[in-house]
Amino acid sequence: MSKIAFIGLGNMGGGMAANLVKAGHEVRAFDLSAEALDAAKDNGCRTFMAARDAVASAEAVVTMLPNGAIVESVYIEDVIGHAPTSAILIDCSTIDVASAREVAEAARAAGYEMVDAPVSGGIAAANAGTLTFMVGGSDAGFARAEPILARMGKAVIHAGASGSGQAAKICNNMILGATMIATCEAFQLAQKLGLDPQVFYDIASKASGQSWSMTSYCPVPGVGPQTPADNDYQGGFATALMLKDLKLAMAAAEDAGAKVPMGERAAQLYDEFARTGHGGLDFSAIIRAL
Ligand code: NAD
């Protein structure tokens with residue numbers, strides 16, 4: 001059993017922390033929300049009223065927070081200098097590559113090992129312990145983080161040096177955003193050309209138009225496996241979160257001087273969709289905007 005501090009017990013972090021408790025760890029939880037802390041307590045976590053108290057004496061610190069600015073402030077103000085330097089620091093939030101590298105550098109300068117470990121998989125995978133982790137950091141940092149992450153996921157992959165986990169995550173989600181829109185467009189056009197959506201699915205899912213957006217997350221209700229489309233686009237991966245990831249990808253592309261015209265167009269379309277009041281719907285609901 002290890003003492004693991006967990007900061008950020010929201011939709012994702014709540015289930016992840018509960019899985020660490022189930023694995024036999026002492027989980028020292030902190031969140032700004034009293035409701036999130038109460039739920040963590042019910043799940044067997046030990047709760048604290050301040051992040052720095054949660055991380056004191058921890059052997060590992062895991063964070064699952066909304067954005068890069070919050071991750072920076074939590075690490076700089078409450079983790080670095082407050083957790084023992086022997087603690088492995090693991091940030092699972094989805095944030096920009098530059099902030100991930102800056103925080104890891106600050107941690108390293110203070111004597112800590114730190115990895116970025118963003119996830120693929122949503123709330124259901126966080127609860128079930130079936131997330132995929134993409135890890136950026138040194139070999140030594142990966143070796144220390146891997147057994148902890150393995151308790152919360154089905155795959156833990158070392159992507160490279162600091163920031164590489166975030167880079168893998170936003171590149172993956174840029175593919176996802178663009179292929180979802182392309183899949184939605186194709187179903188719309190197929191239908192207008194007189195094809196039955198199920199027949200088009202049966203063909204494209206076994207032909208070169210196949211993709212995860214088509215076969216695992218079909219945007220058309222009643223076609224393919226059970227997906228958010230079958231539940232009026234409730235649940236799943238919110239449009240607002242897809243937009244967040246696409247904006248991170250666009251900022252990274254600009255910094256790196258990469259041309260990403262399809263990603264850019266996908267970001268524009270999701271931005272318009274979110275602005276018209278659809279940010280809470282699953283991202284496959286963009287089929288309604290076409
Ligand atoms: P959420 O808003 O439900 O949870 C974030 C939690 O952080 C909240 O409980 C909030 O109170 C807490 N928090 C904010 N500032 C804090 C601070 N300074 N100190 C302590 N706690 C603080 O968000 P979520 O859906 O759990 O997402 C968390 C991260 O995971 C995000 O970076 C998101 O992009 C990423 N992610 C989410 C999903 C998803 O499907 N929800 C999927 C993959 C990745």
Side-chain angles (χ1 to χ4, degrees), residues 5-19 27-41 43 45 47-55 61-80 82-83 90-97 99-100 103 116-135 149 152-155 165-166 168-174 176-177 217 227-228 233-249 251-252 270 274 279-284:
F6 205 115
I7 304 173
L9 303 146
N11 288 322
M12 297 292 288
M16 293 164 69
N19 284 324
V27 178
R28 302 162 64 86
F30 175 71
D31 194 293
L32 292 178
S33 146
E35 204 183 323
L37 272 186
D38 284 347
K41 198 173 201 167
N43 285 331
C45 297
T47 55
F48 290 81
M49 298 313 288
R52 49 184 73 181
D53 293 338
V55 305
V61 177
V62 181
T63 47
M64 193 54 163
L65 294 161
N67 60 48
I70 294 175
V71 168
E72 281 199 49
S73 81
V74 165
Y75 275 91
I76 302 299
E77 287 164 29
D78 291 316
V79 177
I80 296 173
H82 297 279
I90 307 172
D91 179 37
C92 296
S93 326
T94 302
I95 67 169
D96 58 291
V97 176
S99 297
V103 177
D116 48 291
V119 307
S120 177
I123 300 162
N127 290 333
T130 55
L131 294 165
T132 293
F133 291 90
M134 306 159 219
V135 186
L149 297 174
M152 301 184 282
K154 65 173 176 0
Q166 300 295 349
K169 161 88 187 176
I170 58 177
C171 290
N172 178 74
N173 279 19
M174 189 172 75
L176 178 61
Y217 220 79
T227 66
Y233 302 99
Q234 302 298 316
F237 184 47
T239 291
L241 285 174
M242 171 52 83
L243 179 59
K244 170 193 170 182
D245 292 356
L246 286 169
K247 283 184 173 169
L248 289 174
Y270 276 111
L281 291 182
D282 179 72
F283 77 114
S284 64

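Only this structure's heavy atoms are used, side chains among them; waters, hydrogens and symmetry mates stay out. These numbers were taken from a predicted model, which means no experiment stands behind them. In each ligand, atom 1 is the first atom listed, and ligand 1 is the first ligand listed. In this chain, residues are counted from 1 in sequence order.
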Exercise answer: donor-acceptor pairs, residues 66-74 side-chain atoms, under 3.5 Å, sequence neighbours excluded:
| residue | atom | partner | partner atom | Å |
| --- | --- | --- | --- | --- |
| N67 | OD1 | A69 | N | 3.1 |
| N67 | OD1 | I70 | N | 2.9 |
| E72 | OE2 | S99 | OG | 3.2 |
| S73 | OG | I70 | O | 3.2 |

Compute the minimum heavy-atom distance from P66 to ligand 1 and say whether it is under 4.0 Å. yes

What atoms in ligand 1 come closer than 4.0 Å to a heavy atom of K244? 31 (C), 32 (O), 33 (C), 34 (O)

Please say which of I80, V79, D91, I90 ends up in a side chain to side chain contact (heavy atoms under 4.5 Å, CB included) with V61. V79

Looking only at side chains, do Y217 and D282 share a donor and an acceptor under 3.5 Å apart? yes

Would you mind finding which of M64, M16, E35 brings a heavy atom closest to atom 30 (O) of ligand 1? M64

Report yes or no: does C92 have a heavy atom closer than 4.0 Å to ligand 1? no

Residues 28-37 vs side chain to side chain donor-acceptor pair (under 3.5 Å), sequence neighbours excluded, gives E26-R28

For atom 16 (C) of ligand 1, state which one of L32, T132, D31 supplies the nearest heavy atom. L32

Under 4.0 Å from any heavy atom of G8, which atoms of ligand 1 are there? 7 (O)

If you scan the protein for heavy atoms around atom 18 (N) of ligand 1, do you find one that is closer than 4.0 Å? yes

Do any non-hydrogen protein atoms sit less than 4.0 Å from atom 3 (O) of ligand 1? yes

Judging by distance only, is a nitrogen or oxygen of K169 under 3.5 angstrom from one on ligand 1? no

Return yes or no for this condition: an N or O of N67 is under 3.5 Å from an N or O of ligand 1. no

